[in-house]
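What follows is a short report on a single structure.
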Protein chains: 2
Amino acid sequence: MSVTIYDVAREANVSMATVSRVVNGNPNVKPSTRKKVVETIDRLGYRPNAVARGLASKKTTTVGVVIPDISNSYYAELARGIEDIATMYNYNIILSNSDENLEREIRLIQTMSGKQVDGILFMGSTITARHKHEFKFINVPVVLAATIDEEGELPSVNIDYQAAAHDIVEHLVNKNHKKFGIVIGPLDEPINRKLKLTGYRESLAEFNIQLEDECVFEGDYSYESGVEAFNTLKDKCPTVFLVGSDEMALGVIHAASDSGYTVPNDFEVISFEDTKLAKMVRPRLSTVSQPLYDIGAVAMRLLTKFMKKELVDNHVVTLPHRMEFRESTK
Amino acid sequence: MSVTIYDVAREANVSMATVSRVVNGNPNVKPSTRKKVVETIDRLGYRPNAVARGLASKKTTTVGVVIPDISNSYYAELARGIEDIATMYNYNIILSNSDENLEREIRLIQTMSGKQVDGILFMGSTITARHKHEFKFINVPVVLAATIDEEGELPSVNIDYQAAAHDIVEHLVNKNHKKFGIVIGPLDEPINRKLKLTGYRESLAEFNIQLEDECVFEGDYSYESGVEAFNTLKDKCPTVFLVGSDEMALGVIHAASDSGYTVPNDFEVISFEDTKLAKMVRPRLSTVSQPLYDIGAVAMRLLTKFMKKELVDNHVVTLPHRMEFRESTK
DNA sequence: CTGAAAGCGCTAACAA
DNA sequence: TTGTTAGCGCTTTCAG
């Protein structure tokens, strides 16, 4: 079969232990024997078997990544940040789509743990008791990215969604908007229900504006639900739409234009992601800009610290967001 | 530590082999002892260690996926197809971005092989002798997705780019177009140079139209290079732009509109991908529609066949494309 | 600085 | 139907 550490040892007239040392860069090897070993490694074309190494060392240098849907630009951009940092720290990534399905999420965690990943980076809509139970059971570090643990126990990387909601509202009220249309993602997700929607509602209340339920449309982040949102909210006469995703924002804008309106003249629209999409459409989307790549990168960096058992002062990190005003607002 | 197959065997008063049998669904186990084993597995919370299993069985049920850039929608959609089929056949995926960098591609193949993946699904711009050498060396099946092996040796899944180029040209010539602007991806990629560009050139020649070099712009698939393409080609008076990617097509369209032109009235634009983007912009992009998800899915399916040593009649599969006329053409 | 040897947790003959 | 026994290829004490 293929050449093993034993073959190298025999050919180089040393023990397996010595070969192992040079392969792993252990300094306790005489330069001359190191040279000899390196040469026979090259000569034989030896490549260490990471599976055997993983079994012996109990480290696989691979981490599991649970992601809702890699074909969604929001997550794809997060994933790129995750993978880049993983590579930087010499980890590989096992990537699986969950479609935010609970059973699938749990199963993925289990199979990844079965594959002895050194850590898990989890993205999903809701962290339930079952998730926590599983995370505890598998006994490897877990970090959430763009995902909230309501109890604040699990390490996570997010922006301050509520503050961002406040920023939008404040800005728009100052621009004299009084009637808001909210197009939000699924309300069973804590980020939407507890942070964004509550953020909108409370911020509006600060300015003595009451957010009517009929002005809130619950979408599913998709373009189509943006279209639907516009058509059901337009009669409530909002002057501005606060939209949870870039795709939905596009749906809103196009539905408006199909109804003979124009954005931002008749309605203004603000999104809440800032994927690459936002800059590639006309009108370019004004948006709460989330640092997607960085959220992924920082989450992965945090995970590497846990995997190396380094001290971490702050398990719950909040990255800065900013408002990006482009052409879908005046 | 955690519970092993040996613990289960002891607690259930059977041998490791028997436990292994029930875990692996081997039918040669008396129902009553199976029941006993299953119960103690549940009681102890035993979870098989896939690394140990991989070492013993020489199968890891994971495949390596080399992808240029997961944050690019084109590849993200391919990846989703790949992952779905992998899941269906009980494989996991190790996913890494190469940025189409040769050294990185080679290194990725090596580390994936070191991790004993059962197969590799490769996406990249160019297959060189070094790739082939590496693929041969690692001795696991490889399938290319949306990637061409010019010698036709490696299994691959693509559309017929040249035929697609012909379809576009024929359609447009019949619509009386005579002056074409070609905005193509990097010409060091065989798909662009040998298939698409040659396809355009030869098809045009069929209709006695000579494609001038100055009417060809080599971009890098990005929005920005689409903008640049329009600005450098517009003076050559093309009436239609054939563009290699949805992002570049958007760049072309927006650059045109920034110059006071309107698409499709002043220029028509046809793209060559059909990512989700194409349907979410205005004007919606007319395009050669590549079945992205399917290319990924079929490639992964093909790989599973090789990994299971099933017979495969056709190593080089060509999926159907179609023309999708939306709003960026008349 | 180097080697011997005991595992890591599981699969896979081979026996029984 | 079940058990015994070698490994799989490597890391990691422990000696020396």
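First the proteins, then the strands, lettered A, B, ... as listed; each starts at 1.
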**OP:** Could you check how far OH of A/Y6 sits from P of C/dA5, rounded to whole Å?
**Re:** 12 Å
Original post:
C/dT2 P sits how many Å from A/K36 NZ, rounded?
Top reply: 8 Å
Protein N or O to nucleotides 4-8 of chain D N or O, pairs below 3.5 Å:
{"from": "D/dC8", "atom 1": "O3'", "to": "B/K58", "atom 2": "NZ", "distance (Å)": "3.1"}
{"from": "D/dC8", "atom 1": "O2", "to": "B/A56", "atom 2": "N", "distance (Å)": "3.2"}

**OP:** Tell me yes or no: between the side chains of A/T61 and B/K115, is some donor less than 3.5 Å from an acceptor?
**Re:** yes
Original post:
Just checking, any donor-acceptor pair under 3.5 angstrom between side chains of B/Y293 and B/D84?
Top reply: yes
**OP:** Rounded off to whole Å, could you give me the CZ-to-C1' distance for the A/R10 and C/dT2 pair?
**Re:** 19 Å
Original post:
Would you call B/R130 and B/E105 a salt bridge, using N to O less than 4.0 angstrom?
Top reply: no
**OP:** May I ask you to say what A/V14 touches in the nucleic acid, namely base, sugar-phosphate or nothing, with a heavy-atom cut-off under 4.0 Å?
**Re:** sugar-phosphate
**OP:** Quickly work out the B/I5 CD1 to C/dA12 P distance and round it to whole Å.
**Re:** 11 Å
Original post:
Hey, which of these two, B/P31 or A/G54, hits DNA chain D nearer its 5' end, going by closest nucleotide?
Top reply: B/P31
Original post:
Does a side-chain heavy-atom distance below 4.5 Å link B/L319 with B/N158?
Top reply: no
Subject >> Proximal nucleotide (of C/dT2, C/dC10, D/dT2) relative to the A/V29 side chain >> reply: C/dT2
Original post:
In terms of side-chain geometry, is the basic nitrogen of A/R43 or A/E11 positioned less than 4.0 Å from the acidic oxygen of its partner?
Top reply: yes
Original post:
Within the side chain of B/E83, is there an N or O that forms a donor-acceptor pair under 3.5 Å with the backbone of B/I93?
Top reply: no
